[in-house]
Structure formats: structure tokens, C-alpha cells
Amino acid sequence: MKSSARKPIGIFDSGIGGLTVAHRIIRDFPDEDIVYFGDTAHLPYGDKSEELIRQYSLRISEFLIEKGCKLIVIACNTASSVAHDELVNSFGSGTYFVNVVDPAINGITAMADVSEVGIIGTQRTIGSDVYSLRIHRLKPEMQVRSLATPLLAPMIEAGFFNNKISRTVIEAYLNDPSLKSIQALILACTHYPLIKKQIHEFYRGYVRVFDSTDFISKEVGMILDLHGLRNDKKSMKNQFYVSDLTESFEKTTRLFFREEIVLEYYPLWEASKSLSL
Ligand code: DGL
């Protein structure tokens, strides 16, 4: 086995939503070490400019590379939509990136029984049109109905899910006429797995519902195997860093990760003040 296979997998998000993706990767790859970075100081990314999201993503990727990561998973649809290509171009061929958009697109376009798909996500993800453009590249005949649902991530962060308020907001969005004849819906935000149950309840089986965690492991496994990077034994405790640490983040973490973890404050932006980030 290559010595680089022993290195950790880096995962990052605008905050703690990406922990849903981290949780799935840890479950599916128990021998891998994980370094997670949640940019809680800049949350949410969904309403930031593309330029700023790219700058944040570049700096976080540098940090994960400094931590020795062999592969970086962009566990945020917003950053995946607007920063993935720039990251690949900036760091060259020696650094491997996996975004959460392409695995979902590969998955959905491979489903022969889905001809019309809905996409819901942040303003920036939907505004980038990345899902629609890439789906059409692979399957031009597929109908794509994209809808920005900006209230959902803050609502979930504030602890409103599996209750009446979240049901009302979810229903208001999903009743949008543009989604009326979809056969599948992609939850294109890593916060949304927390409301997947209520979305299932809304559709009562008429629409298949997918989120980023449904597709990510296949892609991660493929990249690890392709480059001989699969580890066969954990050598450290998983590390979870955030750029701002408050009681509320610590509390919410449990909802996203479903297990006890310790968040560690890392002042990434202190060291970057000269870059005016
Ligand atoms: N988790 C982010 C995503 O997947 C959304 C939250 C945010 O706006 O930062 O897009």
C-alpha cells in the first residue's frame, strides 16, 4: 500500500451541514481518517458572492492540504457549484477533489425511469445553474426544474425541522407549480437531509427524494481506488475544526452528525487577515 494512503480525507462545508456528508463517509469508510473544517465564521455561503465563496474555499483547501489530506470532499453544494473548478485548477493534478454536485448528477441521469427532476438548494447553488447545465450535458432530454429555497438552511440551523413550522415552509416551497410533475427531487444542500423525512411525507411516495449523502460514497471510493489511496487502518482520531465556535454550533452539531463529537476552534481567518478574508 502507498504511504499516501495513510493520509486523511479532508471534508469542508460552510458550517455544520457538511457533517451529514462526513457522517456518511465515516460510516462507509471506517478505516479512513477524517479532518473536517466547517467555516462557521462565514455561514451561510448561500447568499455570498461567487468570488468570496471561491476565496474561502481556496484558503480552506490550503489548510486541509497543510493537514496532509490526500483527498478533499467539498461537502457543500454552494461551494461545489461555484468553486470546484477553480480549486482543481489552482491545486493541480496532485490534489484530488470530490464535489457533491457531480455524483448526484451522475446518479440521477443514470436512472432510466426519471425524465423530470426537481432541484432545491440555496440561492447561489440554483443561481449558478450548475445542476441543470451538467445534467443536460449528460442527458439533454431530461427536464430540470430548479427552485431556490433560501429559508430552508437557516430554518434547519435554528432547529426548526420535524415540526409544524418546518412543515409549513416545506409545503410552501414544494407546492411551487414548477415542481408539479417531477418524478425525483434532489436536495442540493447538505443541510437538507434533516428535513428529508418531512419531504418524503409531503410526497407520500410519488416522488423519489435524494440528497448528497446518497451519492457521495460511490465517488469517494472510486477516487480512492483509482489512485491507490484506500487506507486499511485508522491511525488517528477524526478531527473537526470550525472557524467560529459558539454554544449554538456545539448544540446543533449533534443534529447534523447524530453522534457526540468535539468541535475544535481553529482561527483560520485570523492568519488570513492580510488577505482581507
Ligand atoms: N450546506 C450548504 C450547501 O450545501 C448550505 C448552507 C449555506 O448557505 O452555507 O449549500
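Both ligands and their constituent atoms are indexed starting at 1 by order of listing. All figures in this text were calculated on a predicted structure; none of them were measured in a lab.
At a heavy-atom distance under 4.0 Å, only side-chain atoms of Ser14, from C-beta outward, approach ligand 1. Within the 4.0 Å heavy-atom criterion, the part of Asp13 lying near ligand 1 is the side chain and not the backbone. Contacts with ligand 1 closer than 4.0 Å are made by heavy atoms of both the backbone and the side chain of Thr78.
Classification of Glu116 and Lys139 as a salt-bridged pair fails, no side-chain N sitting under 4.0 Å from a carboxylate O. Salt bridge status for Lys70 with Glu32: present, with a side-chain N to carboxylate O gap under 4.0 Å.
Of the protein's non-hydrogen atoms, the one nearest atom 8 (O) of ligand 1 is Gly46 N, 2.8 Å. The protein atom (non-hydrogen) at minimum distance from atom 6 (C) of ligand 1 is His191 CE1, 3.5 Å. For atom 1 (N) of ligand 1, the nearest non-hydrogen atom of the protein is Thr190 OG1, 2.9 Å. Remark: minimum distance from atom 5 (C) of ligand 1 to any protein heavy atom is reached at Cys189 SG, 3.3 Å.
In the vicinity of Pro44, heavy-atom distances shorter than 4.0 Å reach the ligand 1 atoms 7 (C), 8 (O), 9 (O). Contact atoms of ligand 1 toward Tyr45: 7 (C), 8 (O), 9 (O) (distance under 4.0 Å to a heavy atom of the residue). In the vicinity of Thr122, heavy-atom distances shorter than 4.0 Å reach the ligand 1 atoms 5 (C), 8 (O), 10 (O).
Considering only residues two or more places apart in sequence or on other chains, Glu219 meets the side-chain hydrogen bond (donor to acceptor under 3.5 Å, both in side chains) condition with none of them.
Under the salt bridge (Lys or Arg N to Asp or Glu O under 4.0 Å) criterion, the residue pairs touching residues 90-113 are Asp102-Arg134, Asp113-Arg208, with sequence neighbours excluded.
Note on ligand 1: Cys76 sits in its first shell, one or more heavy atoms being nearer than 4.0 Å. For the ligand labelled ligand 1, residue Gly121 lies outside the 4.0 Å heavy-atom shell. For Gly17, the heavy-atom gap to ligand 1 stays at 4.0 angstrom or more.
Defined by atom type and a distance below 3.5 Å, a donor-acceptor pair is missing between the side-chain atoms of Tyr56 and Lys48. Judged by distance alone, the side chains of Trp269 and Asp39 do bring a donor and an acceptor atom under 3.5 Å apart.
Note: Phe37 and Tyr266 have perpendicular aromatic rings, judged against thresholds of 30 and 60 degrees for the angle between ring planes.
Looking at every heavy atom in both residues, Ile34 comes nearest to Asn238 through N-OD1, 3.0 Å.
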